[in-house]
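Atoms within a ligand are numbered from 1 in the order they appear, just like the ligands themselves.
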Amino acid sequence: SSSGSGSSNIRRKPVIILVVGMAGSGKTTLMHRLVCHTHLKDIRGYVMNLDPAVMTLPYAANIDVRDTVKYKEVMKQFNLGPNGGILTSLNLFATKFDEVISVIEKRADQLDYVLVDTPGQIEIFTWSASGAIITEAFASTFPTVVAYVVDTPRSEDPTTFMSNMLYACSILYKTRLPLILTFNKVDVAAHQFALEWMEDFEAFQTAASSDQSYTSTLTQSLSLVLDEFYNNLKSVGVSAVSGVGMEAFFNAVEASAEEYMETY
Ligand code: GDP
Ligand code: MG
């Protein structure tokens, strides 16, 4: 049941939304807000937590890595620190991921979206074998999009903004999945400045040139790279706290899922 050229084995629904971003960007809080929105709008969602170390979740997860692997036990058993414990827990979970895919496939007709929360520390998901396995398992079965969550107030600093965009850029090229730049916390700072910097790299260079710690030639070269990157994605402003931007977010997800069906 799919259109598009190279995606004959891929269903149209559910759309997998991988929520990734730097620690503290608001992934988990945004998950909660998105879940509330799906309930309000009668959107049929399924919710997955892939953070083995989270203590409490503000939303009810249908599938939770913590039900399968106990991160504290893993730390003890393999004599690991916290990061090693989280990474190994996710690796253990990834070995059983075909079961997770089956569960979703069985419910596919009743689902519009699967929302996926990822570990607080971004690299545990984006630069690990298990993260790649999980992403690939999703993307070879369902339309899959990445919601890259940005802490907007923290990104008002041009250097932080550029680091964050370069990270998002690396995820786009690594996963080759449609990516939605999700500027969160717009209740604290509007994301207008980011849209301006993305549209006009000279405006960004002007802002960056006031930062003495950055060499202007590097900044100029990188902003040219990013200019190309920006052409390949969608961006929305949201607040997980106030709830603004939910419609825009789901519209961007729909458009990205279309793009997925046409491309993959
Ligand atoms: P995660 O590590 O990416 O999962 O981030 P969390 O969801 O745990 O959020 C980190 C912090 O940011 C928490 O203190 C949240 O209350 C706060 N936060 C998340 N989203 C928003 C938002 O939209 N607005 C504001 N003002 N704070 C937020
Ligand atoms: Mg979290």
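- Of the polar atoms of Leu30, none of the N or O atoms is found under 3.5 Å from an N or O of ligand 1, judged by distance alone.
- Protein heavy atom in closest approach to atom 1 (P) of ligand 1: Lys27 N, 3.5 Å.
- Between Phe125 and the choices Leu90, Ile86, Leu87, Ile171, the side chain to side chain contact (heavy atoms under 4.5 Å, CB included) rule is met once, by Leu90.
- Put simply, Ile133 and Val114 are part of two different groups of oily side chains (I, L, V, M, F, W, Y) that touch within less than 4.5 Å, one to the next.
- Ligand-side atoms of ligand 1 in range of Val188: 26 (N), range being under 4.0 angstrom from any heavy atom.
- Note: no N/O pair closer than 3.5 Å links Asp117 and ligand 1 by distance alone.
- Taking any N or O of Gly26, backbone or side chain, at least one lies under 3.5 Å from an N or O belonging to ligand 1.
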So Trp197 and Phe201, ring pair (Phe, Tyr, Trp, His ring centres under 6.0 Å) or not? Walk me through it.
-> CA-CA 6 Å; Trp197 287 350; Phe201 70 86; over 10 Å; no
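- In terms of N/O distances under 3.5 Å, ligand 1 is approached by Val241.
- Looking only at protein heavy atoms, the nearest one to atom 18 (N) of ligand 1 is Lys185 CE, 3.7 Å.
- For atom 24 (N) of ligand 1, the nearest protein heavy atom is under 4.0 Å away.
- Close approach to Thr28 involves these atoms of ligand 1, each under 4.0 Å from a residue heavy atom: 4 (O), 7 (O).
- For the pair Phe93/Val100, a side-chain contact is recorded, criterion being any heavy-atom separation below 4.5 Å from C-beta on.
- Proximity of Asn83 to Gln121: side-chain heavy atoms (C-beta onward) are separated by under 4.5 Å at one or more points.
- The shortest contact between atom 2 (O) of ligand 1 and any protein heavy atom is with Gly24 N, 3.0 Å.
- Among the backbone and side-chain atoms of Thr118, no N/O/S atom is found under 2.8 Å from the Mg ion (ligand 2).
- The hydrophobic cluster containing Val54 also includes Val15, Ile17, Val19, Leu30, Met31, Leu34, Val35, Ile43, Val47, Leu57, Tyr59, Tyr113, Leu115, Val145, Val149, Ile180, Val236, Val238, Met246, Phe249, Phe250, Val253, under a criterion of side-chain heavy atoms closer than 4.5 Å among ILVMFWY residues, counted directly or through chains of members.
- Atom CZ of Arg66 is surrounded by more than 12 heavy atoms from other residues, nucleotides or ligands within 6.0 Å.
- From the protein, the heavy atom lying nearest to atom 26 (N) of ligand 1 is Asp187 OD2, 2.9 Å.
- Distances below 4.0 Å separate heavy atoms of Ala240 from the following atoms of ligand 1: 20 (N), 22 (C), 23 (O).
- Residues Thr118 and Asp51 fail the side-chain proximity criterion, which asks for heavy atoms closer than 4.5 Å.
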Derivation of the salt bridge (charged side-chain N to carboxylate O under 4.0 Å, His left out) call for Glu258 and Arg12 | CA-CA 9 Å; Glu258 282 301 318; Arg12 249 175 194 282; 3.1 Å; yes
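- Residue, atom and distance of the protein heavy atom nearest to atom 13 (C) of ligand 1 are Thr29 OG1, 4.5 Å.
- Distances below 4.0 Å separate heavy atoms of Ser239 from the following atoms of ligand 1: 23 (O).
- Within 4.0 Å of atom 21 (C) of ligand 1, at least one protein heavy atom is present.
- Between Lys27 and Asp117, none of the side-chain N atoms (NZ, or NE/NH1/NH2) sits under 4.0 Å from a carboxylate O, so this pair counts as no salt bridge.
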